[in-house]
Each structure stands twice: as C-alpha cells, then as structure tokens.
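In what follows, a single structure is set out as structure tokens and then discussed.
Just so it is clear, the model here is predicted, and its values are computed rather than measured.
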Amino acid sequence: VQLQASGGGLVQAGGSLRLSCVVSGNAYSSTVMGWFRQAPGKERDFVAAFRWGTRRTYYADDVKGRFTISRDPANKVLYLQMDNLKPEDTAVYYCAMSRTGGLRSVADYNYWGQGTQVTVSS
C-alpha cells in the first residue's frame, strides 16, 4: 500500500485548501483513513478520520466546523477540505491508513504518505 498526499501550499488566513491522498495497492483491508499534521518542533497530531464501515467522520476540536474529510472510494482518494484557515494550521499534513480500528493516535496507523506542506500567512 502506498499513499500519495498533495494539495498543500501557501494561503492567507481565511482562505481554503483541499488536500488529496491517492491510495495505491490494497486499500480494502483498511478500516480507517485519516489526516494528521506536524508543525516544526511539535508532535504529529490527529486532524480528522473517516471510518469505512460506518462512514462516520471524526475531527480534532480545533478543526471541527472548518475542515471536512471525505473520500472517493471508486478512485481510492481521500480528501481534506480546509476552510477558514488560520496561521496555527501551518504544518506538514500527512494522510494515513489504519487496519487496527483506532483512529486518533499515530500508533493506530499502519501506512503513511509523505506529507504535504500547508502554510497559512496572517
């Protein structure tokens, strides 16, 4: 399984970006796909996740109402729509796949993409 994230960039505060994560290989054994982010000098933090079986979505409190996670199962693409971006959203964003069923911890995920940089200017 390989994950390829894209869509990052530089945007002003209040702007929007949509991140994409293309999955190659056998994605059907996964139970959860998620997005994490890591700012310089900080730990990698949970942002959002999508559980395949229930189609339920989960969000970190600081992005709830601004970010939306979705997927295109036919094309095996995971999206993260980010609206009303803030400077504190600046980080490298990673997509990941979990076969464990857990979703909020880095340790729950088995596969990781390479990351895409999001920079929000004030």
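The shortest distance between side-chain heavy atoms of Leu3 and Tyr94 does not fall below 4.5 Å. Side chains of Val23 and Met33 form a contact here, defined as non-hydrogen atoms less than 4.5 Å apart. By the 4.5 Å heavy-atom criterion applied to side chains, Val63 and Arg37 are counted as neighbours. Side chains of Trp35 and Met82 form no contact here, defined as non-hydrogen atoms less than 4.5 Å apart. For the pair Thr68/Tyr59, a side-chain contact is recorded, criterion being any heavy-atom separation below 4.5 Å from C-beta on. At least one side-chain heavy atom of Val1 sits under 4.5 Å from a side-chain heavy atom of Arg99.
Judged purely by atom type and a 3.5 angstrom limit, Tyr109 has no side-chain atom pairing as donor or acceptor with the backbone of Val32. With hydrogens and angles disregarded, a donor-acceptor distance shorter than 3.5 Å links the side chain of Arg51 to the backbone of Gly101. Distance alone, capped at 3.5 Å, places no donor-acceptor pair between the Thr90 side chain and the Ser121 backbone. With Gln114 contributing its side chain and Gln4 its backbone, the two residues share no donor-acceptor pair below 3.5 Å. In this structure a side-chain-to-backbone donor-acceptor pair under 3.5 Å is missing from Ser20 to Ser6. With hydrogens and angles disregarded, a donor-acceptor distance shorter than 3.5 Å links the side chain of Lys76 to the backbone of Gly25. Between the side chain of Ser98 and the backbone N or O of Leu103, no donor-acceptor pair lies under 3.5 Å.
The aromatic rings of Tyr93 and Phe67 are tilted relative to each other, their planes meeting at an angle between 30° and 60°.
Geometrically, Arg104 does not engage Tyr58 in a cation-pi contact defined by less than 6.0 Å to the ring centre and at most 45° from the axis.
In the hydrophobic clustering of ILVMFWY residues, with side-chain heavy atoms under 4.5 Å counting as a link, Val77 and Leu17 come out apart. Both Tyr111 and Phe50 are assigned to one and the same hydrophobic cluster, defined by single-linkage of ILVMFWY side chains at heavy-atom distances under 4.5 Å.
Heavy-atom neighbours of Lys42 NZ from other residues, nucleotides or ligands within 6.0 Å: at or below the threshold of 12. The local environment of CD in Gln2 is sparse, with at most 12 non-hydrogen atoms from other residues, nucleotides or ligands closer than 6.0 Å.
In plain terms, the two heavy atoms of Phe36 and Arg44 that are nearest each other are CB-CG, 3.7 Å. Closest approach of Ser122 and Ala13 over heavy atoms only: CA-CB, 4.4 Å.
Going from atom CG of Asp108 over to atom OG1 of Thr100 covers 4.5 Å, rounded to the nearest 0.5 Å. Rounding to the nearest 0.5 Å gives a distance of 8.0 Å between CG of Asn84 and OG of Ser16. Here Gln38 contributes atom CD and Gln117 contributes atom CD; the two are 11.0 Å apart, rounded to the nearest 0.5 Å.
Salt bridge annotation for Asp89-Arg66: present, with a cationic side-chain nitrogen under 4.0 angstrom from a carboxylate oxygen.
Evaluation of the side chain to side chain donor-acceptor pair (under 3.5 Å) rule for Ser105 yields no partner, not counting sequence neighbours.
Across Leu19, Asp72, Ile69, a single residue satisfies side-chain contact (heavy atoms from CB on, under 4.5 Å) together with Tyr79, and that is Asp72.
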